Undergrad: 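So that we are looking at the same thing, I have put the structure below in structure tokens.
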There are 4 protein chains.
Amino acid sequence: MGINERKKREKEQRKTQIIKAGEKLFLKKGLGNTTMDEIAKSCELSKGTLYLYFRSKEELYLTIMLKAMNILYEMMKEKSEKAPVPPEKFRAIGEAYLEYYKKYPHYFNIITRFVDHSLLADRAEIKEVLGEIFKANNKVWELITRIIVEGIKKGFFNNKVNPMELAIIMWTSSNGMIQFMDHLKNEEHHEEDGAFMPFNLNSEDMLRKTWELIMDGIIKEETRK
Amino acid sequence: MGINERKKREKEQRKTQIIKAGEKLFLKKGLGNTTMDEIAKSCELSKGTLYLYFRSKEELYLTIMLKAMNILYEMMKEKSEKAPVPPEKFRAIGEAYLEYYKKYPHYFNIITRFVDHSLLADRAEIKEVLGEIFKANNKVWELITRIIVEGIKKGFFNNKVNPMELAIIMWTSSNGMIQFMDHLKNEEHHEEDGAFMPFNLNSEDMLRKTWELIMDGIIKEETRK
Amino acid sequence: MGINERKKREKEQRKTQIIKAGEKLFLKKGLGNTTMDEIAKSCELSKGTLYLYFRSKEELYLTIMLKAMNILYEMMKEKSEKAPVPPEKFRAIGEAYLEYYKKYPHYFNIITRFVDHSLLADRAEIKEVLGEIFKANNKVWELITRIIVEGIKKGFFNNKVNPMELAIIMWTSSNGMIQFMDHLKNEEHHEEDGAFMPFNLNSEDMLRKTWELIMDGIIKEETRK
Amino acid sequence: MGINERKKREKEQRKTQIIKAGEKLFLKKGLGNTTMDEIAKSCELSKGTLYLYFRSKEELYLTIMLKAMNILYEMMKEKSEKAPVPPEKFRAIGEAYLEYYKKYPHYFNIITRFVDHSLLADRAEIKEVLGEIFKANNKVWELITRIIVEGIKKGFFNNKVNPMELAIIMWTSSNGMIQFMDHLKNEEHHEEDGAFMPFNLNSEDMLRKTWELIMDGIIKEETRK
DNA sequence: AATGAATGAGAGTTCATTCAT
DNA sequence: AATGAATGAACTCTCATTCAT
């Protein structure tokens, strides 16, 4: 039993090892430009071993995505549950998002990177993981939307905007911002082309400002602190 | 002359043919998953012919990106110049953006899709086109930022937010939203997984609502109509 | 008639134009690495036009080879006929060879470059030209051998070596030397690798020394000047 | 250990297998006309496998060249060291050369075949092997030249010719001869074209005669046996 | 369980040749 | 006669996946 325990633990460790290597590489170079060879080398296992833990490159990719999604959900849930009232819960969601971004930049980007699902191989293992990802995703939406619904019900938020839509606006604006900021980071400064963009922008700052603008529009004047 | 004219026109047509096929496929499958064979088949030319018009797959891709960027700029410029005052100019930018999205859904998505430039081949032709893309991109930023600067100077906009930052928020929120909506469209309905997302959202609607929220935060009360 | 004359002349000119461009490029880059595009560009004609004058790239190549061979023969013949006695005729052959090398370095190299005939396409036009090349080649051999035969008969040369064999030794030694010297020229000096070879060798000098050694072995002592 | 040993041996075998197939094909058809597909088929491995052992076709080619050069050097060194005095050492070089030619006709031809280095891809692996080839080549030159220098110093050779030049004459004459003889072999007999060349020449014979002529010119009368 | 050598389908690209104009 | 756009077969090289050990 002790032995079985240890073996199980070791197996889990290997899986984590692979996932960590995959995260870093997939993020840097995308699904298509990352090779199993590179991942194997990076996690100091043989290529064959990867296939003992994941049935295909895509399954590995999606497993990472799923993990990333679940962690985000957990963080959002924990932070928002600690907040007493909807406006603060809403802010807590933002804080969780930000914290997540700072703690797991790899995960973050993998979540927002599109993988066109129609391109994924039509294999059983892919569909399995995809299904789980959808579920995880839905849990996030539900969490945010519930807070807004509650906020309106309790009179904190005006009801100009419908809760689900607001949740979407918040989510998509944040994602758009982060993608953009990352894009900027990767870019070498093309000053010779008369670059107009300021390169000293701060991601965290820009995210907060985005949320402020959105909050401004929904919190009732009389309930503001 | 007449003959030369016609030949020139035909050459231009071929190029357009290729670009059109490329747009559709690159959008659907991304740069990495689209093959020159597919593009050739799609535009009913031979693979070799593609290389008469573009020196590499990447050049074709970037050429499309550049074209897309330039058209967006032209539309924004035209619409915003017709508007008399900054708030309306700002709205005009949004309208142009929306119109562009509806008119050229392919182009739109190619613009916002990231291609990590560090992954592009280090070839002369690539750098050439990349340089032009940067220039076109900068022109868009300049256009938007100028409007905001003017709006603040003339007292229409409050100056809580700095112009460039506001331009970025508007741009990134819009992109995030559109990406998300497209993502939704591509997805097969995973109702069996208890999907939470409503699938009857309307892109145009969601975009407008996003902008309203942003505008709400910047237009001074006393200048609103 | 005048018109026909002119047309013929023009046609001949075009052919010469193409051959000149081909010579330069084939020599520099070999048959396999030279493209018809390059040749066309170099002689300022269109690619299609080349095929009006030569049925294939190989035919062009072999035509050049044939021309090169004929010119060499003419030069050898002329020079050797002017010389009165076999030893001087033999030397004249060497001089002609040297002069040819200096006057037509392109031609020279094309002659000695191997084209494995078994690789040439099994086409009528190829066989045609190949046959002519063999004939021209044989004429050269005959010329040299005759001189040696005559030299022996007239008592100038000792008959240690059979005439044909001596002709071959002279020919192959010269070719080996020239190939080697050209090889050296093309090479960048790899001094960092402790290059041992002196790079100030002179082709003409080395050729003369080769012939001297050979002549030393065949001219009878008593007939030397 | 035993297992690792065996695996190592097998890997070495595969490499040898590939090299053997490459030799045969490169020789017959040259670098440019030989395809990796053919090599793969010939050694009964898959195309992909070739790339596990060599980073590119050119690396394979140059590796063969290097090996060929090193073997020649070893044979020359061994034979010449066994000979007591310079004239016999010089002859030993010739014998080694001949033996090499008979034992490794493939290698021999690959050595003397020109590959214009400026045509080789500008890649790290190519430069690596090229550097080694230069070193090996230099060792051969050094070996021959030293013998001649010693021969002059010890009074065996007259000093009409400078040692390096003589080494070059010997080397190039031999190469020219062998190339020519091989050329002849490949040729189908074009008797219908009145071929003048005798086709019963013997390579070994011709080589020996070439060297005799050269030796005749350099060995002092009084030291001849 | 772990390895890594082997596979082979398929990618982007080149180029001799053809042919409508 | 001259063009040059179009072709498509062939090339080198890559890489996810398999499988004997």
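Here is the naming used below: chain letters follow the sequence lines, and residue numbers restart at 1 for every chain. Bear in mind the structure is a predicted one, so any value in this text is a computation, not a measurement. Only this structure's heavy atoms are used, side chains among them; waters, hydrogens and symmetry mates stay out.
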Undergrad: Could you walk me through whether Lys47(D) and Ile39(D) pass side chain to side chain contact (heavy atoms under 4.5 Å, CB included), step by step?
TA: CA-CA 8 Å; Lys47(D) 199 171 22 169; Ile39(D) 297 174; over 6 Å; no
Undergrad: Please determine whether a side-chain nitrogen or oxygen atom of Arg14(D) lies at a distance below 4.0 Å from atom OP1 or OP2 of dG4(E).
TA: no
Undergrad: Counting only heavy atoms not in Glu10(C), do more than 12 sit closer than 6.0 Å to its CD atom?
TA: yes
Undergrad: Reading DNA chain F from 5' onward, which residue's closest nucleotide shows up sooner: Lys7(C) or Lys11(B)?
TA: Lys7(C)
Undergrad: Using a cut-off of strictly less than 4.0 Å, decide whether Arg55(A) has a side-chain nitrogen or oxygen near OP1 or OP2 of dT18(F).
TA: no
Undergrad: Is it true that a side-chain atom of Lys57(A) and a backbone atom of Leu31(A) form a donor plus acceptor pair closer than 3.5 Å?
TA: yes
Undergrad: Could you tell me the separation between the NZ atom of Lys8(D) and the C1' atom of dA5(E), rounded to a whole number of Å?
TA: 16 Å
Undergrad: Under the side chain to side chain contact (heavy atoms under 4.5 Å, CB included) rule, what do Tyr61(B) and Val129(B) come out as? Steps first, then yes or no, please.
TA: CA-CA 10 Å; Tyr61(B) 186 84; Val129(B) 194; over 6 Å; no
Undergrad: So with a 6.0 Å cut-off around NZ of Lys67(B), is the heavy-atom count from everything else above 12?
TA: yes
Undergrad: Tell me the interatomic distance from Met36(A), atom CE, to dG4(E), atom P, rounded to whole angstroms.
TA: 15 Å
Undergrad: Over how many whole Å does the gap from Leu120(A) atom CG to dA16(F) atom C1' extend?
TA: 15 Å
Undergrad: Would you mind reading off the distance between Asp37(D) atom CG and dG10(E) atom C1', rounded to a whole angstrom?
TA: 12 Å
Undergrad: Has Tyr53(C) got a side-chain N or O lying under 4.0 Å from the OP1 or OP2 atom of dA2(F)?
TA: yes
Undergrad: May I ask you to evaluate whether Lys57(A) reaches the phosphate of dA16(F), defined as a side-chain N or O under 4.0 Å from OP1 or OP2?
TA: yes
Undergrad: Could you state the atom-to-atom distance from CD of Glu10(D) to P of dA5(E) in whole Å?
TA: 11 Å
Undergrad: Does dA20(E) have OP1 or OP2 under 4.0 Å away from a side-chain N or O of Arg6(B)?
TA: no
Undergrad: Go through dA16(F), dT12(F), dA1(E) for me and flag the one nearest to the Thr35(A) side chain.
TA: dA16(F)
Undergrad: Would you call Glu38(C) and Lys28(C) a salt bridge, taking side-chain N to carboxylate O under 4.0 Å as the test?
TA: no
Undergrad: Whole-Å distance between dA16(E) C1' and Phe54(C) CZ?
TA: 16 Å
Undergrad: Hey, is the main chain of Phe54(B) close enough, under 3.5 Å, to the side chain of Lys15(B) for a donor-acceptor pair?
TA: no
Undergrad: Does the side chain of Tyr51(C) get closer than 4.0 angstrom to OP1 or OP2 of dT3(F) through an N or O atom?
TA: no
Undergrad: Both Gly48(C) and Glu58(A) contact DNA chain F. Taking the nearest nucleotide for each, which residue is further toward the 5' end?
TA: Gly48(C)
Undergrad: Without decimals, in angstroms, what is the distance between Glu59(B) CD and dG12(E) C1'?
TA: 14 Å
Undergrad: Taking atom types as they are modelled, is there a donor-acceptor pair under 3.5 Å from the base of dT3(E) to the side chain of Lys47(A)?
TA: no
Undergrad: Rounded to the nearest angstrom, tell me the gap between atom CG in Leu50(C) and atom P in dA2(F).
TA: 11 Å
Undergrad: Could you check which of dT7(E), dA5(F), dT13(E) has an atom nearest any side-chain atom of Thr49(D)?
TA: dT7(E)
Undergrad: Kindly say whether Ala121(B) contributes a backbone atom to a donor-acceptor pair with the side chain of Glu58(B) at under 3.5 angstrom?
TA: yes
Undergrad: Using OP1 and OP2 only, check whether a side-chain N or O of Ser46(D) sits under 4.0 Å from dT7(E).
TA: yes
Undergrad: Under a 3.5 Å cutoff on both atom distances, Watson-Crick or G-U, what's the dot-bracket for DNA chain E ([ ] crossing, | other strand)?
TA: .||||||||||||||||||||
